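Each chain gets a letter, A, B and so on, in the order its sequence line appears, and its residues count up from 1. Note that the structure is predicted; figures quoted are calculated from it, not measured.
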There are 2 protein chains.
Amino acid sequence: MTPKKIDGERRGRGRPPSFDRGQALRAAMRLFWDRGYDGTSFDDLIAAMGISASSFYNAFGSKEALYQEAIDAYIKVAGGWFSAALNEETDTRTTFGHLTAAAAAEFTRDDLPAGCMIAVAATQCAPTQARLRDLLASQRTQSEDAMVDRLRRGMAAGDLPADTDIEALAAFYGSLLRGMAVQARDGASRERLLEIARIGMQAWPAAQPHPRDS
Amino acid sequence: MTPKKIDGERRGRGRPPSFDRGQALRAAMRLFWDRGYDGTSFDDLIAAMGISASSFYNAFGSKEALYQEAIDAYIKVAGGWFSAALNEETDTRTTFGHLTAAAAAEFTRDDLPAGCMIAVAATQCAPTQARLRDLLASQRTQSEDAMVDRLRRGMAAGDLPADTDIEALAAFYGSLLRGMAVQARDGASRERLLEIARIGMQAWPAAQPHPRDS
DNA sequence: GGATTTATGGAGCGATGACACCAAAAAAAA
DNA sequence: TTTTTTTTGGTGTCATCGCTCCATAAATCC
């Protein structure tokens, strides 16, 4: 057929791809997001991406490689609002209030699958998929580390009691976000998720009247 | 026919099974718990259960039927500590403190797989597995309903502020428990989970000094 | 002891999964 | 134009998946 427009600059010698790689990747991301790795078959993928098996392997290498790219693409989407919220120029409590509220909103968009692509992915899988499991667990750890960093800065700024367990607090909000992602996938409304987020903020550590208490 | 099938006594006419059905079911439960439905293959199952393919179909019907039985078996395990904690004879706040602490302990037992078999299962799956997805989502709803019931009783007993949003509070603790289950699967220690649970209890609604405040 | 009923071992089945190969096609580079 | 490089369509492969069939073994009932 007639060659179509390709994104960005088309440099290279051979025949140009007839499809938009980024667009195909986003289609794959949506499918993986919605159905998970196992739940998305090869045929599902090439159908949704609108390409043939040959083009698939030529452009993406393998299903697993595509999944990793899809994860990266998701990070660009979700990492956007996530780190945007974390790097706001406000006090730490407000930051986390906005972060959890943003999650409630993002987990219930009508133009994207519900929930989070990473939050609960590959927690139960075959031993042969240990690599994927570790990859996803590592991503979860990374987002929690980002929260730890923000809390540490907040601690330094005096936003938190001196005896706050930073790691535990980050783990708490990490757990909450993942649970919210499950709720979203089960069909919870945005309002419900916002309520959960609001309650979660009630757990924010109060200033200690007796800081030298062990 | 004169069906005198009593589960305890083995009264049947034909050849008796050479394996313990309950034991085989528990082996399957562990495997499903650890690897999920897709991650557990037929061959994995019959190997772990120590039976042949014929015996498998003779005794359990199909992989999906076995999974449902495994879920039921899990409910008997986890439903044990869950409703035990919920039906304690204490005030509502203490009850939920014990519930979350019990989850932290149960999610990190060394004689069982980490986390919860139901908490995050089948949230991402193929359309062909809609039945399983709905089954699991329904189980999650049920456990949340049990928390709603307990909170309602607590409200009636005066343990909670009159303006408490019961459903939202139950959804919050439901989210927290599911997030804790993910943490457990990612390798979090029991102490870490207990910390998360403790922080989660800080979100418990305080008595409102100004209930007519919007 | 038959007769009946149920379980077992073993072999194999159709479908699907992910992927590989290759010759033709379409572009830039020479 | 010729050469070189890359994509594409079509077909084939090989393993695994969940499952089935059948002859036989082992129990109970008459």
Could you give the [atom1]-to-[atom2] distance, from [X] to [N], as a whole number of Å?
| X | N | atom1 | atom2 | answer |
| --- | --- | --- | --- | --- |
| B:F56 | D:dC21 | CZ | C1' | 17 Å |
| A:D44 | C:dT16 | CG | P | 12 Å |
| A:I46 | C:dC19 | CD1 | C1' | 11 Å |
| B:Q129 | C:dT16 | CD | P | 15 Å |
| A:K63 | D:dA15 | NZ | P | 19 Å |
| A:D43 | D:dG10 | CG | P | 15 Å |
| A:L45 | C:dG17 | CG | P | 11 Å |
| A:R15 | C:dA28 | CZ | C1' | 14 Å |

* Asked: When you match B:S18 and B:A53 each to their closest nucleotide on DNA chain C, which lands nearer the 5' end?
  -> B:S18
* Structure fact -> Nearest-nucleotide check on DNA chain C, A:S62 vs A:G14; residue mapping nearer the 5' end is A:S62
* Using modelled atom types only, decide if a donor and an acceptor are shared between the side chain of B:N87 and the backbone of B:S83 within a distance under 3.5 Å. => yes
* **Salt-bridge present (A:D34, A:R185; N to O < 4.0 Å)** => yes
* Taking 4.0 angstrom as the limit, do B:R198 and B:E195 come out as a salt bridge? -> yes
* To do: Note every stem involving DNA chain C: at least three consecutive Watson-Crick or G-U wobble pairs, i with j then i+1 with j-1, with both distances under 3.5 Å.
  => C:1-28 with D:3-30
* Report the C-alpha distance between B:R153 and B:T92 in whole Å, list the side-chain angles of each, state the deciding distance to 0.1 Å, and finish with yes or no for side chain to side chain donor-acceptor pair (under 3.5 Å). => CA-CA 8 Å; B:R153 279 187 279 145; B:T92 312; over 6 Å; no
* Validation row, ring centre B:Y74 to ring centre B:F32 under 6.0 Å -> no
For [X], report the nucleic acid contact type (base, sugar-phosphate, nothing); a contact means any heavy atom under 4.0 Å.
| X | result |
| --- | --- |
| A:T128 | nothing |
| B:S54 | base |
| B:F19 | sugar-phosphate |

Picking from [options], which would you name as closest to the side chain of [X]?
| X | options | value |
| --- | --- | --- |
| B:S41 | D:dA26, C:dA30, D:dC17 | D:dC17 |
| A:N58 | D:dT7, C:dA20, C:dA11 | D:dT7 |
| B:F42 | D:dC29, D:dC19, D:dG9 | D:dC19 |
| A:Y57 | C:dA7, C:dC19, C:dA26 | C:dC19 |

* In chain order, what residues pass the side-chain contact (heavy atoms from CB on, under 4.5 Å) check against A:L112, with sequence neighbours excluded? -> A:R30, A:W33, A:V77, A:R109
* Would the number of heavy atoms belonging to other residues, nucleotides or ligands and lying under 6.0 Å from CZ of A:R93 be above 12? -> yes
